[in-house]
Amino acid sequence: QVQLVESGGGLVQAGGSLRLSCAASGRTFSNVAMGWFRQAPGKEREFVAAIGWRGISSAYADSVKGRFTISRDNAKTLAYLQMNSLKSEDTAVYYCAAAYSRGPLARVGDYEYWGQGTQVTVSS
């Protein structure tokens, strides 16, 4: 079992930055691939970024490539999403997710464990 808690969301102006954190419980964090997804009102949950269990491989949605960076600290059982050059279309609830896999994984259905989400609002 893996329990996930996101933090770091908030309100930011367009062009600004935020860093989301995902704290994971359990002693098997180094065995799970991690991902970030987001869901805007009236839209389906979509892939943002993912990282493999060793933090070597990563993947990004085209819409965030070059602006967002995913990372992880296995010793601290934390995953991060650094978001720069934010746009109004980045406004959504952001979720972190975990799966017992080497990863990185880009589909919602690949993940077994989800956090409760954190709201990110970008004002234009």
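Starting from 1, each residue takes its place in the sequence as its number.
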Going through the distances and angles, do M83 and S17 end up as a side chain to side chain contact (heavy atoms under 4.5 Å, CB included)? CA-CA 5 Å; M83 305 186 294; S17 298; over 6 Å; no

Backbone N/O of [Y] and side chain of [X]: donor-acceptor pair under 3.5 Å:
X	Y	answer
T91	S88	yes
S25	Q3	yes
E46	Q39	no
Q119	G9	no
Y111	A33	no

Please say which of S58, P104, C96 ends up in a side chain to side chain contact (heavy atoms under 4.5 Å, CB included) with I70.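 Testing each of S58, P104, C96 against I70, the sole residue satisfying side chain to side chain contact (heavy atoms under 4.5 Å, CB included) is S58.
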
Passing candidate, side chain to side chain contact (heavy atoms under 4.5 Å, CB included) with F68, options L18, N84, L20, V48: V48

Exceeds 12 heavy-atom contacts within 6.0 angstrom, atom CD of Q1: no

Got a sec: does the NZ of K65 have more than 12 other heavy atoms crowding it under 6.0 Å?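 It does: K65 NZ has more than 12 such atoms within range.
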
Nearest 0.5 angstrom please: [X] [atom1] to [Y] [atom2], how far?
X	Y	atom1	atom2	answer
L81	C22	CG	SG	10.5 Å
S30	R72	OG	CZ	7.5 Å
I51	S57	CD1	OG	8.5 Å
S123	Q13	OG	CD	5.0 Å
N74	F29	CG	CZ	5.5 Å

May I ask you to check if R38 and Y95 form a cation-pi contact, with NZ or CZ under 6.0 angstrom from the six-membered ring centre and within 45° of the axis? no

Any ion pair linking R107 and D110 (charged N to carboxylate O, less than 4.0 Å)?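 A salt bridge is present here (some side-chain N lies under 4.0 Å from a carboxylate O).
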
With clusters built from Ile, Leu, Val, Met, Phe, Trp and Tyr whose side-chain heavy atoms come within less than 4.5 Å, directly or transitively, what are the remaining members of the cluster of V5, listed by chain and number? none

Find out if a path of hydrophobic residues (ILVMFWY) with successive side-chain heavy-atom gaps under 4.5 Å connects [X] to [Y].
X	Y	answer
Y94	V12	yes
V93	V108	yes
L105	Y60	no
Y80	L4	no
M34	F47	no

Within the 6.0 Å centroid threshold, strictly below: F37 and W114: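 Yes, ring centres under 6.0 Å apart.
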
Kindly indicate, with the supporting measurements, whether the criterion side-chain hydrogen bond (donor to acceptor under 3.5 Å, both in side chains) is fulfilled by Y100 and T28. CA-CA 9 Å; Y100 282 100; T28 58; 2.6 Å; yes

